[in-house]
Amino acid sequence: MTLVFVYNAEAGVLNGIMDSAHKLFSPSTYTCDLCAITHGLTRMRPEWRAWQKQSGREIRFYHRSDFRQAWPAADIPLPAILMQEGDRLRLVIGASDLAQISDVGQLVALVEARCDGGKNDDPAL
């Protein structure tokens, strides 16, 4: 099983610069809560990087267009955190839940709870 994180943002240096400017000048209208939690203005938050290394999980990251290309049938609001099991995806944390999280600690706690025995009845995508 692979934990899949999907950012509601596009890849690339120019897009990263534009996202940083958006977070700085208009954070309330920034559309990627996952990015806002896991990244500061210029880089990944150290506590997020540390969790990835120590989690022991296989992890994959997508930006919006890459995800839509790889999983065209997965019509879900982004950002999202999913579990990939073979050729199926299961929603772990949706966009509305991510909007309620304010820091890496809360995100990690919810990911761990939902992946390690936490109840999640969402159907596979």
Side-chain angles (χ1 to χ4, degrees):
M1 292 191 296
T2 303
L3 198 53
V4 176
F5 292 85
V6 186
Y7 293 107
N8 190 25
E10 296 299 339
V13 174
L14 182 57
N15 288 319
I17 292 168
M18 291 173 57
D19 283 347
S20 291
H22 194 161
K23 283 192 267 186
L24 180 64
F25 295 112
S26 187
S28 65
T29 64
Y30 188 63
T31 61
C32 186
D33 292 309
L34 182 57
C35 296
I37 296 164
T38 62
H39 288 72
L41 290 178
T42 60
R43 64 186 172 132
M44 184 183 296
R45 296 186 192 283
E47 60 271 33
W48 180 239
R49 185 180 309 278
W51 176 78
Q52 289 177 50
K53 288 181 181 179
Q54 67 84 31
S55 75
R57 300 179 188 283
E58 184 175 339
I59 298 174
R60 177 137 193 199
F61 294 91
Y62 287 98
H63 287 90
R64 181 178 45 234
S65 60
D66 299 329
F67 177 73
R68 298 287 187 219
Q69 183 176 6
W71 299 92
D75 186 24
I76 58 169
L78 298 179
I81 301 172
L82 307 123
M83 184 67 70
Q84 180 183 348
E85 301 174 55
D87 63 351
R88 299 185 66 138
L89 293 173
R90 181 171 305 279
L91 186 65
V92 175
I93 302 173
S96 61
D97 288 334
L98 286 167
Q100 304 304 312
I101 297 172
S102 61
D103 62 43
V104 171
Q106 288 178 326
L107 177 62
V108 166
L110 188 56
V111 167
E112 294 291 344
R114 294 216 177 148
C115 289
D116 294 335
K119 186 169 180 169
N120 189 341
D121 291 329
D122 288 328
L125 305 172

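What's counted below: heavy atoms across the whole structure, side chains too, no hydrogens, waters or symmetry copies. Only a predicted model underlies this, so the values are computations on that prediction, with no experimental measurement involved.
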Arg88 (side chain) donor-acceptor with Met83 (main chain) under 3.5 angstrom: no

Sequence-distant partners of Trp48, ring pair (Phe, Tyr, Trp, His ring centres under 6.0 Å), two or more places apart: Phe5, Trp51

Residues that Glu58 engages under side-chain hydrogen bond (donor to acceptor under 3.5 Å, both in side chains), provided they are two or more places apart: Thr2

Smallest separation among heavy atoms of Leu3 and Cys115, with atom names: CD1-SG, 3.7 Å

Inter-residue atom distance Leu78.CG - Leu34.CG, 0.5 Å rounding: 10.0 Å

Nearest non-hydrogen partners of Asn8 and Pro79, listed with the distance: CB-N, 3.7 Å

Separation between OG of Ser96 and CG of Asp33, rounded to the nearest 0.5 Å: 10.0 Å

Under 3.5 Å donor-acceptor, Gln84 side chain and Gly86 backbone: yes

Listed once per pair and sorted, the salt bridge (Lys or Arg N to Asp or Glu O under 4.0 Å) pairs that draw on residues 101-110, sequence neighbours left out: none

Closest contact, heavy atoms only, Ile59 versus Phe61: CG2-CE1, 3.3 Å

Heavy-atom pair of closest approach, residues Gln52 and Met44: NE2-SD, 3.3 Å

Approximate separation, where rounding is to 0.5 Å, of Leu91 CG and Ile76 CD1: 5.5 Å

Residues forming a salt bridge (Lys or Arg N to Asp or Glu O under 4.0 Å) with Arg57, sequence neighbours excluded: Glu112, Asp116

Contact check, side chains of Tyr62 and Leu82, non-hydrogen atoms, under 4.5 Å: no

pair Gln100-Leu110: side-chain heavy atoms closer than 4.5 Å: no

CZ/Arg68: more than 12 non-hydrogen atoms of other groups inside 6.0 Å: yes

Whether Arg60 side chain and Val4 backbone form a donor-acceptor pair below 3.5 Å: no

Gap separating the CZ atom of Arg43 from the OG1 atom of Thr38, nearest 0.5 angstrom: 13.0 Å

Separation of Ile93 CD1 from Ile101 CD1 (nearest 0.5 Å): 5.0 Å

Enclosure of Met1 CE (heavy-atom neighbours >12, cutoff 6.0 Å): no

Exceeds 12 heavy-atom contacts within 6.0 angstrom, atom CD of Gln69: no

Closest heavy-atom pair and its distance - Leu98, Ile37: O-CD1, 3.8 Å

Partner set under side-chain hydrogen bond (donor to acceptor under 3.5 Å, both in side chains) for Gln106, not counting sequence neighbours: Ser102

